[in-house]
*Asks:* 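Would you mind keeping the following structure in view while I ask a few things?
No experiment lies behind these values; they were computed from the predicted model shown. Heavy atoms only: backbone and side chains are in, while hydrogens, waters and symmetry mates are out.
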Amino acid sequence: MSDDLRGLPPRRAMPDDVRDRLRAEVRAGVGKPRRTRQVWYVAAAAVVVLAAGAVVATHVIRQQPVAGPPPAPDPGNRLTLDAKVATTALDRCWAAVRAAGKTDRVPPREEWVPLFTEVFGADTAVATTAAGKPMFCETTDTTVTLSDPGATPAYVPGTRTGLLLQSATGMVGGVLDPAASGAFLDSRTASGDNMTQAISVSPVTHQFIGETRSDPARTTLTVGKPMAGDSKTLPAAPPALLSVVDRPVTADRTSPAGRALGECLAAAEMEVIPDAAAYAPGPVLEADGYRVVLGRHGERVVVCATQPDRKRPGTTKSNSYFDFTGPQPSPARTLIVDTLGGTESEAEQGKARRPYTAALPTTATEATIDFGIGTSVQVGVVDGMVATWVPRNIHLDPLAKVHVQARDAQGKVVYDGSLMLL
């Protein structure tokens, strides 16, 4: 971010509640994969053929079970199909079907036709047809979930809108009534958190995929058009044909840090983390009834925070925070986490605490963090993760930076630079 701000008004402090609300809105939007092209698959499906040990991409024309001319392209529909992603995911789903002994419940693999793909971090979903029936395959780093192609969608009464899949990660797959074109999907948790997203559908089968990122057991889904007052609650999806761990990863859940991470991730209603059981615990912060714990799974880092729920006395509320990075994240970066006990949680005046969390090179064992107030904080680094409390007397400017110097076990500097504070 450039520090050249000539011509702009002087900096002013941003209230905690405004900043936290903006950050929440950013989290709801930046995780959505950016699609740079529109691809329309009406009768053609990308198929991967194994020949002489090589992977060859080709196109096969298949007759789709629809009558009349192909539908006209919808400029607002941004669905795309990544053939490589789809093939990899569908192959894993088929392997899981075979391992579970359920090949009699699903058409043969060669009859699966992918329509579009959705990728959100470690979570991939493919809308496909199996012998003409709608089906959804979801994969993460460690799990496979497949909807039942023999199941009837759980329709909203009186409509042809219904669910076929609602997975543990909050991924939703269903079909939308053609009369409901332009509808939005709204997800609301028991604690009142909600997210709304536009529904894009296959022009062939009217299938859609939604990324609610919330625990399905504690989430209510509705579908309707904005400002129309016609929202209807979606019934629970039929049971998936299978949901299994096909690539197990073992992570510590017995140490204090491991228990803290497992408990927090399990309690979080929003931002459900795919492969949560695979995250190894990192540093833990505890003060004034607040607790923050970090975890790592490969290049992905997660922050999970627990605080008293002022709206439900005697209970706590946990939130997890995705690390929004690409396949090759920067070696050092600030991690998103909200102020704990901010004004939006109705905490007592002066009781709020602001954590500072960051990902650093995994070779680092110690870091010095300078908040620019004349003193530095020295903290340990666990598997490339660092956490500390922001001093209470610091001005929380959205453009402020901190200076971080990280060293390895031999004292060698492995990172030295400035990172965003917020």
Side-chain angles (χ1 to χ4, degrees), residues 28-29 31-33 74 76-79 93 115-120 123-130 133-140 143 145-243 268-274:
K32 194 72 174 176
D74 174 6
N77 195 324
R78 302 179 62 84
L79 297 178
C93 279
L115 299 175
F116 61 91
T117 49
E118 288 281 1
V119 179
F120 181 74
D123 206 352
T124 296
V126 185
T128 184
T129 59
K133 296 181 178 180
M135 187 173 70
F136 296 91
C137 165
E138 181 197 22
T139 62
T140 70
T143 67
T145 302
L146 185 68
S147 68
D148 187 349
T152 299
Y155 290 116
V156 174
T159 76
R160 300 297 291 174
T161 296
L163 293 183
L164 279 167
L165 177 70
Q166 188 176 10
S167 76
T169 68
M171 192 71 80
V172 170
V175 291
L176 185 70
D177 192 322
S181 177
F184 280 65
L185 178 70
D186 184 83
S187 53
R188 184 174 297 275
T189 68
S191 61
D193 292 326
N194 76 296
M195 182 172 69
T196 301
Q197 57 192 288
I199 299 177
S200 293
V201 301
S202 162
V204 178
T205 63
H206 300 288
Q207 286 170 256
F208 71 88
I209 291 174
E211 300 159 352
T212 71
R213 312 178 210 165
S214 57
D215 179 3
R218 294 174 286 180
T219 302
T220 299
L221 299 178
T222 58
V223 62
K225 296 181 180 180
M227 311 302 292
D230 62 348
S231 293
K232 295 179 174 62
T233 300
L234 281 161
L241 180 67
L242 57 83
S243 184
E269 293 182 358
M270 286 294 292
E271 307 293 8
V272 171
I273 306 296

*Asks:* For Thr219 and Ser214, which heavy atoms make the closest approach, and how far apart are they?
*Replies:* OG1-OG, 3.0 Å

*Asks:* Kindly indicate whether the side chain of Leu79, heavy atoms from C-beta on, has any atom under 4.5 Å from the side chain of Leu115.
*Replies:* no

*Asks:* How far apart are the closest heavy atoms of Glu211 and Met195, and which atoms are they?
*Replies:* O-CE, 2.8 Å

*Asks:* Please determine whether side-chain contact (heavy atoms from CB on, under 4.5 Å) holds for the pair Gln197 and Leu185, giving the CA-CA distance in whole Å, both sets of side-chain angles, and the decisive distance to 0.1 Å.
*Replies:* CA-CA 5 Å; Gln197 57 192 288; Leu185 178 70; 4.1 Å; yes

*Asks:* Between Ala240 and Leu165, which heavy-atom pair has the shortest distance, and what is it?
*Replies:* CB-CD1, 4.4 Å

*Asks:* Calculate, to the nearest 0.5 Å, the distance between atoms CZ and CZ belonging to Phe120 and Arg213 respectively.
*Replies:* 3.5 Å

*Asks:* Show your reasoning for whether side-chain contact (heavy atoms from CB on, under 4.5 Å) applies to Leu221 and Leu163.
*Replies:* CA-CA 10 Å; Leu221 299 178; Leu163 293 183; 3.9 Å; yes

*Asks:* Using distance alone, with no hydrogens and no angle criterion, decide if Ser187 and Thr212 have a side-chain donor and acceptor under 3.5 Å apart.
*Replies:* no

*Asks:* Considering all heavy atoms of both residues, which atom of Ala127 and which atom of Ile209 are nearest to each other, and what is their separation?
*Replies:* N-CD1, 3.8 Å

*Asks:* Within this structure, what is the CE-OG1 distance for the pair Met171 and Thr139, rounded to the nearest 0.5 Å?
*Replies:* 9.0 Å

*Asks:* Could you work out, with side chain to side chain donor-acceptor pair (under 3.5 Å) as the rule, every residue matching Gln207, not counting sequence neighbours?
*Replies:* Thr205

*Asks:* Can you name the nearest heavy-atom pair linking Val201 to Phe208, along with the distance?
*Replies:* CG1-CB, 3.9 Å

*Asks:* Using the test side chain to side chain donor-acceptor pair (under 3.5 Å), find all partners of Thr222 that sit at least two apart in sequence or belong to another chain.
*Replies:* none

*Asks:* Strictly by salt bridge (charged side-chain N to carboxylate O under 4.0 Å, His left out), give each pair with a member in residues 185-194 just once, sequence neighbours left out.
*Replies:* Asp193-Lys317

*Asks:* Only pairs at least two apart or in different chains count here, so list each salt bridge (charged side-chain N to carboxylate O under 4.0 Å, His left out) that has a residue in residues 145-155.
*Replies:* Arg105-Asp148

*Asks:* Side chains of Phe136 and Leu164, heavy atoms from C-beta outward: is any pair under 4.5 Å?
*Replies:* yes

*Asks:* For residues 157-170, pull every pair meeting side-chain hydrogen bond (donor to acceptor under 3.5 Å, both in side chains), keeping only residues two or more places apart or in separate chains.
*Replies:* Asp123-Thr169, Glu138-Ser167, Glu138-Thr169, Tyr155-Arg160, Ser167-Thr169

*Asks:* Less than 3.5 Å apart, which donor and acceptor atoms pair up between the side chains of residues 225-238 and the rest of the protein, not counting sequence neighbours?
*Replies:*
unit_1: Lys225; atom_1: NZ; unit_2: Ser181; atom_2: O; d: 3.4
unit_1: Asp230; atom_1: OD1; unit_2: Lys225; atom_2: N; d: 3.0

*Asks:* Within this structure, what is the OG1-CZ distance for the pair Thr189 and Arg218, rounded to the nearest 0.5 Å?
*Replies:* 8.5 Å

*Asks:* Minimum heavy-atom separation for Ser147 to Pro149, with atom names?
*Replies:* O-CD, 3.3 Å

